[in-house]
Amino acid sequence: MPIYDYIYGTVDKSLDTLYEISLRRKEETPNVVHLMHLTTPESIYHLRVGFAYLASKPYSSAWYLWLLWPVTLWFTMLTRIYRRTFVVERNRFHQLRLQTWAIPNFREQGKELNRYGEVYVKKHPQLKVKLVDGSSLAVAVLLNSIPKGTTQVLLRGNLTKVAFAVAFSLCQKGIQVTVLREDEYEKLDKSLGTKSEGKLVISKSYSSCKVWLVGDDLTEEEQRKANKGTLFIPFSQFPLKNLRKDCFYHTTPAMQTPKALENVDSCENWLPRRVMSVWRIAGILHALEGWEEHECGDTISNIDKVWEACLKHGFQPLTVPTQSKS
């Protein structure tokens, strides 16, 4: 702040004009917009608009945030009244201008909210903006997270678009997909039909598989029934609570970002710095490759094509997870 320049009359008057011109410049138009929503009332403090210290670290609950409960309550009420998106991050990747917009809404499933974006495509058939839910890249990352040589996996949790696509791909690769609940088996069997190649089975045993693909509905009791050394791989957007010290936990579907991605000074939810969720990466890939189709509703892009494009542009798979230290 040039307070002494004002006191002693040495301030440069031309700076005032420059400042006024900069205020009148047009708002930057992004090439890619990632829509996110808040997960908990306290998650606002982990955004850039909250506390920079918290934003620079993976999201975790902190006791001292309870001291701010009056502010948190006020913000929660404000989001319910205001209900408009706001920009929380701006990045640049080569020639692409990227923005992240926060939706003033809390944890909600994509299908329940808007059928993975299909509602907007049907409502606006001439929509020029391409909607990308990132399901194909999520499936690709999950498939490449399963250790080589695996012959069977256990699928458990709320069945989403990604879960159905992963089950189909595994069956096509000759890997047995085991489910524990009758209703989940019926849904998958109805969806896959003869395409399951006889690889979809139902079992009452929790100890039959060492690789678990898990979603939001997995209970703590079920997790405790897993064998020692079991690898848990979440297919949902929310991480699994690490209860077992003798098991391995993978992150939610994500990848390491290339160094060319600029202005990354905060963490995306619970992920480490410079690690990005596949749902966010997918939109960037769509723009980089110039793909013209939507990926929303029941539509899913070519998994192999998306994976190859991702590696080509410098995004890298995460390392094999280590044993839980919780």
Side-chain angles (χ1 to χ4, degrees), residues 26-37 83-105 108-144 160-166 168-169 235-237 252-255 257-258 260-264 268-269 271 275-316:
K26 294 182 179 180
E27 181 71 19
E28 183 179 69
T29 302
N31 302 109
V32 180
V33 171
H34 173 65
L35 292 178
M36 59 166 287
H37 61 78
R83 301 195 69 81
R84 293 188 62 182
T85 59
F86 54 94
V87 180
V88 296
E89 190 170 358
R90 291 179 172 86
N91 307 101
R92 187 174 292 272
F93 186 46
H94 299 310
Q95 300 303 315
L96 291 182
R97 297 181 297 274
L98 318 175
Q99 289 186 7
T100 299
W101 296 1
I103 302 172
N105 201 351
E108 191 112 29
Q109 294 297 324
K111 185 174 182 179
E112 297 167 354
L113 188 64
N114 53 42
R115 283 196 53 78
Y116 306 110
E118 185 180 34
V119 169
Y120 306 116
V121 175
K122 288 186 174 180
K123 188 176 181 180
H124 306 284
Q126 304 302 321
L127 189 67
K128 294 183 179 180
V129 176
K130 303 306 174 187
L131 300 184
V132 184
D133 65 16
S135 296
S136 57
L137 184 56
V139 173
V141 168
L142 289 168
L143 293 176
N144 284 277
T160 62
K161 176 182 177 181
V162 170
F164 281 104
V166 168
F168 170 76
S169 297
F235 60 76
S236 68
Q237 298 187 29
T252 51
M255 300 187 77
T257 59
L261 183 64
E262 301 175 7
N263 202 28
V264 183
E268 183 181 348
N269 297 323
L271 297 172
V275 172
M276 186 177 287
S277 69
V278 293
W279 292 277
R280 188 175 174 187
I281 295 172
I284 300 174
L285 288 181
H286 230 74
L288 289 170
E289 292 292 319
W291 293 331
E292 292 298 321
E293 72 274 9
H294 296 288
E295 185 184 37
C296 57
D298 295 326
T299 304
I300 191 165
S301 302
N302 183 285
I303 296 170
D304 292 331
K305 180 181 75 171
V306 171
W307 179 249
E308 291 171 4
C310 196
L311 298 179
K312 180 181 72 174
H313 290 290
F315 293 92
Q316 295 297 319

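Since this is a predicted model, take the numbers as computed values, not measurements.
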Could you grab the distance from atom [atom1] of [X] to atom [atom2] of [Y], nearest 0.5 Å is fine?
X      : Y      : atom1 : atom2 : answer
Trp291 : Ser301 : CH2   : OG    : 7.0 Å
Arg84  : Ile103 : CZ    : CD1   : 13.5 Å
Trp307 : Leu143 : CH2   : CG    : 9.5 Å
His94  : Leu261 : NE2   : CG    : 9.0 Å
Leu288 : Phe93  : CG    : CZ    : 5.5 Å

Which pair of heavy atoms, one from [X] and one from [Y], lies closest together, and at what distance?
X      : Y      : value
Gly283 : Val132 : N-CG1, 4.2 Å
Pro253 : Ser236 : CD-O, 3.6 Å
Val278 : Leu137 : O-CD2, 3.6 Å
Ala287 : Leu96  : CB-CD1, 3.9 Å
Ile303 : Ser169 : CD1-OG, 3.6 Å
Asp133 : Cys296 : OD2-CA, 3.6 Å

Could you tell me whether the side chain of [X] and the main chain of [Y] form a donor-acceptor pair under 3.5 Å?
X      : Y      : answer
Lys130 : Glu292 : yes
Asn91  : Leu98  : no
Glu268 : Ser277 : yes
Arg97  : Thr29  : yes
Thr299 : Glu295 : no
Asn302 : Asp304 : yes

A side-chain contact here means heavy atoms from C-beta on lying under 4.5 Å apart; do [X] and [Y] qualify?
X      : Y      : result
Val88  : Met36  : yes
Met276 : His34  : no
Leu131 : His286 : no
Asn269 : Thr252 : no

List the steps, then state whether side-chain contact (heavy atoms from CB on, under 4.5 Å) holds for Arg280 with Thr100. CA-CA 9 Å; Arg280 188 175 174 187; Thr100 299; 3.3 Å; yes

Please determine whether the number of non-hydrogen atoms from other residues, nucleotides or ligands lying under 6.0 Å from atom CH2 of Trp101 exceeds 12. no

Using 4.0 Å as the upper bound for N to carboxylate O, is an ion pair formed by Glu308 and Lys312? no

Report yes or no: do His313 and Glu289 form a side-chain donor-acceptor pair below 3.5 Å? yes

